[in-house]
Amino acid sequence: MTRTSPFHRPVTKAVLPAAGLGTRFLPATKATPKEMLPIVDKPAIQYVVEEAAAAGLGDMLVITGRNKRPLEDHFDRNFELEQALVSKGDRERLAKVQESNGLATLHYVRQGDPRGLGHAVLCAAPHVGDEPFAVLLGDDLIDPRDPLLTRMMDIQQREGGSVVALMEVEPSQIHLYGCAAVQSTAHPDVVRVTGLVEKPDPADAPSNYAVIGRYVLDPAVFDVLRETRPGRGGEIQLTDALERLATGEALGGPVHGVVFKGRRYDTGDRGDYLRAIVQLACEREDLGPQFRAWLGRYAAETGLSALA
Ligand code: UTP
């Protein structure tokens, strides 16, 4: 099926895939989605919902998996808990409990079988319809002080087609990501994507630009995803569908990339998860001073500071 690119339509909807198995984080993710693991005192996905809301996207669709209950409950009211805190007069904690209810209108759709990120995004087709939309991976945390999504939405509105977020990584790490072949543009932070490959061997990687978990997509991607066969790891890869849009093999391009240089954590990776917690805890006004003092003592006592 062909269609004209509706790039002048504003982006109003966000899709948050959170149906992955989270095998890198077992056993913690046996009965809990990895997106619900706390980063200091908030589940990872709440940071992502806050980011989408801050970019003006008030309509969000969460793609859930087998353990969807905790996700739905977190963004819903909890009358018993709220009542208990009211009775105690604990306004501060009451505000924390209520914070996640009013962020956005959240919808949920279940991805019966976790057949890959491309398949998860395709589950959003009936909700999204024929307009460009944002995708924010529920386990990928972008520091709110380093805005990325609004810049991507601006580029999408100006250029049409789709926009991916890219980050330069060590060549030895590129096999962990989707990788983009790129051409420069007049804007230093924007590139034209000419090809994409999922988790390439470093020797075959066309660049060290890694695709990270933010996308602004043309709805033409749904038609391409319907035809996309399982790729790397036996999963239906979003990267494979975007490759066809980037090369012009399918209608709905172009694909641009916004190069991100800010702070980002893959909270589905144990090492990055720990770094996110330590860094965000150090920077928190309430916890930071005491935590930093302890961390400094710990580093000195264990000889860690000498290794830095
Ligand atoms: P990952 O590549 O991190 O895969 O997914 P995963 O299966 O969740 O985790 P590991 O590798 O086994 O530890 C990236 C994002 O895509 C979502 C995940 O929830 C995560 O937000 N996803 C992935 C889906 O929603 N459905 C899928 O079928 C696969």
Side-chain angles (χ1 to χ4, degrees), residues 14-39 43-52 60-72 74-75 106-128 133-142 149 164-167 169 173-179 196-200 210-215 217 221-222 225-226 228-242 264-274 276:
V15 174
L16 279 56
L21 290 176
T23 55
R24 285 170 294 163
F25 235 116
L26 284 168
T29 47
K30 184 178 171 190
T32 307
K34 65 177 165 179
E35 291 78 5
M36 284 302 294
L37 296 178
I39 308 295
I45 196 160
Q46 187 175 334
Y47 292 87
V48 178
V49 167
E50 286 170 359
E51 179 190 341
M60 301 185 204
L61 177 71
V62 186
I63 316 291
T64 60
R66 66 208 192 293
N67 300 316
K68 68 169 185 167
R69 249 322 266 286
L71 272 163
E72 290 197 359
H74 183 72
F75 292 104
L106 281 149
H107 309 270
Y108 300 89
V109 65
R110 196 149 181 163
Q111 182 190 15
D113 223 357
R115 292 167 59 199
L117 177 59
H119 181 250
V121 170
L122 186 54
C123 294
H127 182 85
V128 167
F133 63 103
V135 174
L136 295 86
L137 299 193
D139 61 346
D140 211 325
L141 209 151
I142 303 285
L149 194 57
V164 298
L166 300 174
M167 209 166 113
V169 298
Q173 297 300 299
I174 198 71
H175 68 284
L176 300 171
Y177 299 87
C179 173
L196 284 155
V197 49
E198 182 65 20
K199 299 192 172 77
V211 179
I212 58 170
R214 299 292 179 272
Y215 308 79
L217 299 177
V221 75
F222 294 131
L225 282 169
R226 282 186 194 101
T228 303
R229 304 271 70 86
R232 186 106 196 174
E235 296 193 341
I236 297 175
Q237 299 287 357
L238 180 59
T239 310
D240 293 345
L242 292 175
R264 172 253 174 193
Y265 308 95
D266 173 5
T267 64
D269 171 83
R270 290 171 301 171
D272 238 16
Y273 175 81
L274 294 174

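Here the structure is a predicted model, which means the values were calculated and not measured. Ligands are counted one by one from 1 in listed order, and the atoms in each one are counted from 1 as well.
- The minimum heavy-atom distance linking A52 with L149 is given by the pair CA-CD2, 4.2 Å.
- Here Y265 pairs with Q279 under the side chain to side chain donor-acceptor pair (under 3.5 Å) rule; sequence neighbours left out.
- Residues of the protein with a heavy atom under 4.0 Å from ligand 1 are P17, A18, A19, G20, L21, G22, T23, R24, K34, E35, Q111, P114, R115, G116, L117, A120, L137, G138, D139, listed by chain and number.
- Counting heavy atoms from C-beta outward, D140 and T267 have side chains that stay 4.5 Å or more apart.
- Under the 3.5 Å distance criterion, the side-chain polar atoms of D269 are matched with a main-chain donor or acceptor of G271.
- Here the side chain of T29 pairs a donor or acceptor atom with the backbone of G22 at under 3.5 angstrom.
- A centroid separation of less than 6.0 Å is found between the aromatic rings of Y273 and F25.
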